[in-house]
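One is the number of the first residue; the rest follow in order along the sequence. The structure presented is a predicted model; accordingly, all values stated were derived computationally and were not measured.
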Amino acid sequence: MPGQNEGADAHHPGVRREEPRAHHRLPPPAPHPAGSTNGTGPGTGVGTTQAVLDDVAAVVGEAGGALLCPTCSRPLSDDAHRTADDSPGNGTPEPAAAEGDDPLLAALRVSEARLRAAFWDAGIGMALIDPEDRIIEVNPAFATLTGRTVGELARTHIHEIVDPEGMPHRLFPALVNGERDRLRVEKQLKHREGRTVWSKVTVSLIRDAAGGPLYTLALVEDITEQRRLGDRLEYQALHDPLTRLPNRTYFFERLDAACLTADRSTAPQPTPAPPGPATGDGTGDGVDGSAADGPRVGVCYLDLDGFAAINETLGHHIGDQLLIAVATRLRRGFSAHGTQLVARMGGDEFAVLVTDSRGSDQLTDLAARILDALERPFDVAGHRLVVTASVGVVERSVRETTPTDLVKDADATLYWSKADGRARWTLYDPDRGAHQLTRQLLATALRPALERGEFTIEYQPLVGLADGTVHGAEALVRWRHPRYGTLSPDRFIPLAEESGAIVPLGKWVLEESCRQAQRWLTEFPETETFVSVNLAARQIWDSDVVADVAQALERTGLPARLLQLEITESALLGPGGRPLQALQALADMGIRIAIDDFGTGYSNLAYLSRLPVHVLKLDGTFIEGFRDPSPTGSRAELPGFGARRSDADEQIVGAMVQLAHTLGLTVTAEGIESAAQAERLRLTGCDTAQGWYFARPGEAELVAAILRDNRDSRGGRDNRG
């Protein structure tokens, strides 16, 4: 009877034999004609048409009239296929043959019983479907998946059970039309109780004797638990475990999708008309550009100010609770489905992605609202915490950027915001970005440039204001960059200090300057021209500067009294005692110590008397008032403003010169540009000066030429005397 597990692999279980040539695959079942009484009606899914009988007859004929086992192809009359009671198989009863039954019909019943048992008792859902997509028959496993009975599903349209949405548009029709044999998809089944049953569906085509499409057979496997596990793993991979916000990976997925969608949706644009007059404030660029440049995207990249201090003082558990509170406030206030995404990028950094930006005004307004929202106090574990944030804002056309560049520029702009004072937003500036890029390129190339010999030294004379002679020269390093040309120290010295390249560069400048001073001494022994070399604070901290200077003097043979080292006031008077110890050791060697840019740092006059220094170099800002007054703008309305400024600067410089002389120090003024300035400085008692009025920085030969002129002029006077 159908449904019983009769004769399944009864003959030699577990053994597969090669199919003999006479055992051909039977054709698929064909529909029964109306009124068929062969015991295999439409509900059975197995036909006994004349074509099937003919094929079976052919098999029997080739086997010499014996019935063949469908499994192992051996004759069913073989003793190996019978038990002690003369029944086929290994004890599993086959359908009993009625007396007088045709042997061919008996063989078909045996085969049908096996197929039906496999269909009915299979642990995987199975459904036979007709060309009109109606169910012919299903097994109990399929019915269980849908919460229905086998009888209820008969003649049910398959789309009432399987959601048709998402079916492959080309592959499924190709299967139904006989153009392909198999299709695999993951689909949702409609359970009677309304819950979703995820399943893996394999649809196979059953063809008729002529090879045309006859039925489709669907094998359905329940993968709901696997799907739920996959969803949980996917959620964990795309969300921050602490704040439950989307993480950096999810952020980039959304940003990538926005850019790809925008690329596909952007149609070719007609040739634009000549541009009209540009707006003065630039606020319309973002809105007007959206039509011409296609879709736009924007990012507000923010970081909490001073968050590390909260972790250090209150503990990381309080810091975590604060991050959760910040994330909750950001999600509730600035997350909009489909258009705005709030994500945690890592640490105390968050980002708000706007995928349909209407211009930079929208993004800067969003940044301002974020700052306002975060300024309200947070109550965390009994602590009332007030935090601020710095926000970097980037907004541009999708055509003009990539996701990586957008986030990189947003991150850079965030740090500009912190550098500008924190608790503010900063809009990305391409010019500033180019400058930052140049800084990075220069910082990377510093050490290789030193090895390639791209640095050179220029010298600016230090002239005595009393006699007009050259007393010494300041060494000023220059970078002959192959791409950017000659770079002045202010372009690369800060980078060298940040990267640590100032130590090898400073050693090179020191030794080369001492070597040049020794040449001047050899040619002009009577002048004893000294060389003044700038010393960075990091050279004192990162190297043994005393040993470096001693080595340079030994290698060049320059007397210590002809070397002057300049260090800034802030570096000298900063925290820690190491700079003072090093400078004291250098002063004990006989080296002159000068405080550079005096008056712009700590200006601790009480401390000045205890410093191992010999020279004060006044910052150029004190000399500005010595120029002839030329008021402009609103200052022109104040009579005598320039004169009063000039008088005040002159009195300040005079007081500092008098103080320095009282302490036994000499004074050098920088930035002298005219004879009037030089004369007024001389009247204050200033000792030496440098500036373009005397000479611009140049090759060492410039100083040598001045020294020769001074020597020749002195020689002429001596001859006349």
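- A donor and an acceptor atom, one from each side chain of S335 and Q340, are nowhere located under 3.5 Å apart.
- Under 4.0 Å is where a charged nitrogen must lie from a carboxylate oxygen, and between R538 and E497 no such pair does.
- Judged purely by distance below 3.5 Å, without hydrogens or angles, the side chains of D240 and T243 pair a donor atom with an acceptor atom.
- Counting only distance, with no hydrogens or angles, the side chain of T156 and the backbone of E152 share a donor-acceptor pair below 3.5 Å.
- Annotation: the span from I567 atom CD1 to D597 atom CG amounts to 11.5 Å, rounded to 0.5 Å.
- Checked against I370 for a side-chain contact (heavy atoms from CB on, under 4.5 Å), the options V352, V393, D365 give a single hit: V352.
- Separating the CG atom in N247 from the CD atom in Q236 is a distance of 11.5 Å, to the nearest 0.5 Å.
- Judged purely by distance below 3.5 Å, without hydrogens or angles, the side chains of R478 and T486 never pair a donor atom with an acceptor atom.
- Partners of R248 according to the salt bridge (charged side-chain N to carboxylate O under 4.0 Å, His left out) rule, which considers only residues two or more places apart in sequence or in another chain, do not exist here.
- In terms of modelled atom types and a separation under 3.5 Å, the side chain of T146 and the main chain of A143 share a donor-acceptor contact.
- Looking at heavy atoms from C-beta onward, I318 lies in side-chain contact with L385 at the 4.5 angstrom threshold.
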Quiz item: D409 and R396: salt bridge (Lys or Arg N to Asp or Glu O under 4.0 Å), yes or no, with the steps?
Solution: CA-CA 11 Å; D409 292 341; R396 61 184 57 147; 3.0 Å; yes

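- Between the S390 side chain and the D303 main chain, no donor and acceptor come within less than 3.5 Å of each other.
- Sorted by first then second residue, the side-chain hydrogen bond (donor to acceptor under 3.5 Å, both in side chains) pairs that include residues 312-334, not counting sequence neighbours, number zero.
- Partner of T224 under the side-chain contact (heavy atoms from CB on, under 4.5 Å) criterion, out of Q226, R227, R228: R228 alone.
- Legend: residues meeting ring pair (Phe, Tyr, Trp, His ring centres under 6.0 Å) with W479, ordered by chain and number and at least two apart, are F455, H481, F492.
- For the residue pair T388 / D305, a side-chain donor-acceptor distance below 3.5 Å is found, with atom types taken as modelled.
- In this structure, CG in L341 is found 6.0 Å from CG in L353, a value given to the nearest 0.5 Å.
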